[in-house]
Novice: 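Have a look at this one before I ask anything.
A, B, ... follow the sequence lines: proteins, then strands. Residue 1 opens every chain. Note that the structure is predicted; figures quoted are calculated from it, not measured. Note that these values count all heavy atoms, side chains included, but never hydrogens, waters or copies made by symmetry.
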Amino acid sequence: MTEAQNFEASRQEKLHRLEQLGLDPWGQRFDGHMPLGEILRLPITHVEDQRPKVRAAGRVVARRKQGKIYFVDLWDWTIPTRVNKQGQERRALQVAISQKDVGETGWHIADNLDLGDLLGVDGSYGETRRGEPTIFAEKLTYLTKSLQPHPDKWGGMQDMEFRLRHRYLDLIYTPEVLERSLKRIKIVRRIRSYLEERGYVEVETPTLHAIAGGAAARPFTTHHNALDIDLYLRIALELHLKRLLVGGIEKVYEIGRVFRNEGISPKHNPEFTMLELYQAYGNYETMMELTEGMIVACIDALGGERILPYADRTIDFTPPFDRRTYPALFQQCVGTAIEDRAGVVAAVNVIGLTTHNIDHDVLVHKLFEIKVEPYLETLDRPVFVHDYPAGLCPLTKRKAGMPHIAERFELYVHGMELANAYTELNDPVTQEATFRQQLAGLPEEESMAKMDEDFVRALRHGMPPAGGLGIGIDRLVMLLTNTQTIRDVILFPLLRPEK
RNA sequence: GGAGGCGUAGCUCAGCGGUAGAGCAACGGACUUUUAAUCCGUAGGUCGUGGGUUCGAGCCCCACCGCCUUCACCA
């Protein structure tokens with residue numbers, strides 16, 4: 001008999017014992033239970049018959065027996081981490097099950113409990129002699145049997161693979177996982193309320209695209225059988241949202257999943273959540289103001305400081321964020337002006353990269369990535385980097401009187417690109433030309449210039465001048481919750497299937 | 001895709017050429033306010049998979065699988 005069978009046999013046997021007693025090991029509707037976190041906030045009385053009556057439900061995470069009394073630790077998702085009067089950290093509320101109080105059936109239930117079972121309790125709430133908050137059980141209700149042994153109550157779950165493949169256990173036994181997930185929900189909720197307060201409306205656009213446009217990324221491909229056409233999973237939300245601008249929806253956003261068929265890393269999951277929004281008659285300055293306000297609102301919604309820890313440093317999100325132009329940063333870190341063609345080529349050659357047949361703006365950006373981004377990583381405040389080389393931004397309007405500069409910014413925090421915004425290009429003639437002109441030196445999948453005839457046709461009907469913004473929600477959550485890997489802000493990150 | 005590291009009981013981990021170990025969990029027993037309860041007893045393993053070296057392999061070598069880290073690509 002193997003170990004697993006042994007565990008299961010023991011639990012199966014208890015299950016059958018419950019059934020023989022006429023008890024349902026899989027539970028029934030159990031109305032009106034109070035969250036354990038709320039029970040813990042009830043006032044304590046030391047007069048036994050004045051204790052408040054409570055009904056509770058939760059997961060059995062520890063069990064101690066002392067003669068004719070069991071102590072069972074109950075967990076639910078509202079339990080805070082607290083320090084008890086013995087100075088110990090606790091993440092559960094204990095239930096005292098005394099043989100004289102719960103009757104024969106209750107005692108049978110207590111005898112057949114396993115760690116991981118779900119238990120309903122009716123009783124009174126008070127303290128033991130040692131001052132530990134306790135539900136003194138009067139009636140027990142079996143809510144669900146766990147047939148599978150749960151992780152060690154003290155060692156917890158250490159193995160990353162085990163945690164990811166058993167996220168449901170990770171939520172229970174690794175406190176930060178639930179905490180971060182709830183923070184993510186708060187952040188997303190605050191983004192929605194912030195935008196709704198300002199008159200933006202949320203829409204849903206297609207995930208299946210005939211042309212994967214709006215970003216530079218390799219798409220996933222799929223196939224529709226009835227139409228017999230290949231389709232792509234979207235890599236961006238942009239082109240549909242802009243069609244909605246043409247349609248008169250002046251302030252529009254979508255928070256949605258996008259899919260990029262690229263490598264996986266602590267900062268990259270194949271599917272991730274993007275916020276994109278567009279505002280008619282705005283520009284990238286409008287977006288800068290909005291971005292700053294929205295991020296600060298999210299931080300405030302988490303209820304803490306505006307100076308947040310991240311890894312071994314801190315980030316000071318106190319507004320206003322710093323603003324630096326791309327050309328100025330380039331000059332500072334590379335020592336050359338971005339227009340200085342000879343200087344840029346020389347600087348690239350020094351690094352040992354080829355410059356042959358590669359567009360000037362692409363070279364500039366290679367230098368930016370190598371020289372400027374490391375500098376940005378050293379900053380402990382968010383910084384808006386704005387006014388990008390036009391060649392990098394085929395969907396962006398040029399700065400007035402400066403045809404080589406695009407009205408675009410990226411918000412860098414610790415070197416991470418958190419937000420990306422533009423004054424959107426609404427000139428269909430320029431747009432079509434940009435689509436047709438493949439940037440020299442870039443493979444097709446790296447170029448944002450993918451021809452979408454239908455999109456150009458939409459522009460020809462007149463898209464208002466507009467500001468547009470994109471924010472990677474996962475990375476925002478990482479920064480605001482001090483999380484170093486994207487897999488810990490996504491409940492179910494992609495894993496290779498077992499076996 | 002490249003380079004490193006890791007994979008031993010349900011969980012957390014020791015063991016690194018010579019009889020497979022501990023804590024928690026489990027099973028049997030004692031104990032009516034415990035606090036990682038304690039005490040007595042019991043059981044639990046194809047050491048990721050497959051080859052090889054060796055008198056002898058969790059341990060050394062090779063391949064494969066999975067995860068982690070890092071680089072490349074990208075957000």
Novice: Among residues at least two apart in sequence or on other chains, which ones pass ring-ring contact (aromatic ring centres under 6.0 Å, His included) with A:Phe409?
Specialist: A:Phe384
Novice: So what does A:Gln158 hit on the nucleic acid, given a heavy-atom distance under 4.0 Å: a base, only sugar-phosphate, or nothing?
Specialist: sugar-phosphate
Novice: Give A:Gly470 one of three labels, base, sugar-phosphate or nothing, depending on what nucleic acid heavy atoms sit under 4.0 Å from its own.
Specialist: nothing
Novice: Enumerate the protein-to-nucleotides 27-30 of chain B contacts in which both atoms are nitrogen or oxygen and the separation is below 3.5 Å.
Specialist:
residue : atom : partner : partner atom : Å
B:C27   : OP1  : A:Ser10 : OG           : 3.3
B:C27   : OP1  : A:Lys14 : NZ           : 2.5

Novice: Side chain of A:Arg129, heavy atoms from C-beta onward: which of B:G66, B:U33, B:C73 has the nearest atom to it?
Specialist: B:U33
Novice: Measure from NZ or CZ of A:Arg51 to the centre of the six-membered ring of A:Phe136, then state whether that distance is under 6.0 Å and the direction lies within 45° of the axis.
Specialist: yes
Novice: Base, sugar-phosphate, or nothing: which does A:Tyr173 touch, judged by heavy atoms less than 4.0 Å apart?
Specialist: nothing
Novice: Once salt bridge (Lys or Arg N to Asp or Glu O under 4.0 Å) is applied, what residue pairs with a partner in residues 267-279 of chain A remain, sequence neighbours excluded?
Specialist: A:Arg257-A:Glu271
Novice: Could you list all the salt bridge (Lys or Arg N to Asp or Glu O under 4.0 Å) pairs where at least one residue sits in residues 68-87 of chain A, not counting sequence neighbours?
Specialist: A:Arg64-A:Asp73, A:Asp73-A:Arg90, A:Arg82-A:Glu132, A:Lys85-A:Glu127
Novice: Could you list the residues that satisfy ring-ring contact (aromatic ring centres under 6.0 Å, His included) with A:Phe162, not counting sequence neighbours?
Specialist: A:His166
Novice: Just to verify, what does A:His150 make a side-chain hydrogen bond (donor to acceptor under 3.5 Å, both in side chains) with, not counting sequence neighbours?
Specialist: A:Ser146, A:Tyr173
Novice: So which nucleotide from B:C11, B:U70, B:U32 ends up closest to the side chain of A:Pro151?
Specialist: B:C11
Novice: Is it the case that B:U33 (base atoms only) and A:Ser98 (side chain only) share a donor and an acceptor within less than 3.5 Å, ignoring hydrogens and angles?
Specialist: no
Novice: Contact class for A:Leu418 vs. all strands (heavy atom < 4.0 Å): base, sugar-phosphate, or nothing?
Specialist: nothing
Novice: Which of these nucleotides, B:U32, B:A37, B:C67, is closest to any side-chain atom of A:Arg64?
Specialist: B:A37
Novice: Where the side chain of A:Ile69 is defined as all heavy atoms beyond and including C-beta, which of B:C13, B:C11, B:U32 is the nearest nucleotide?
Specialist: B:U32
Novice: Heavy atoms under 4.0 Å, any strand shown: does A:Asp101 hit a base, just sugar-phosphate, or nothing?
Specialist: nothing
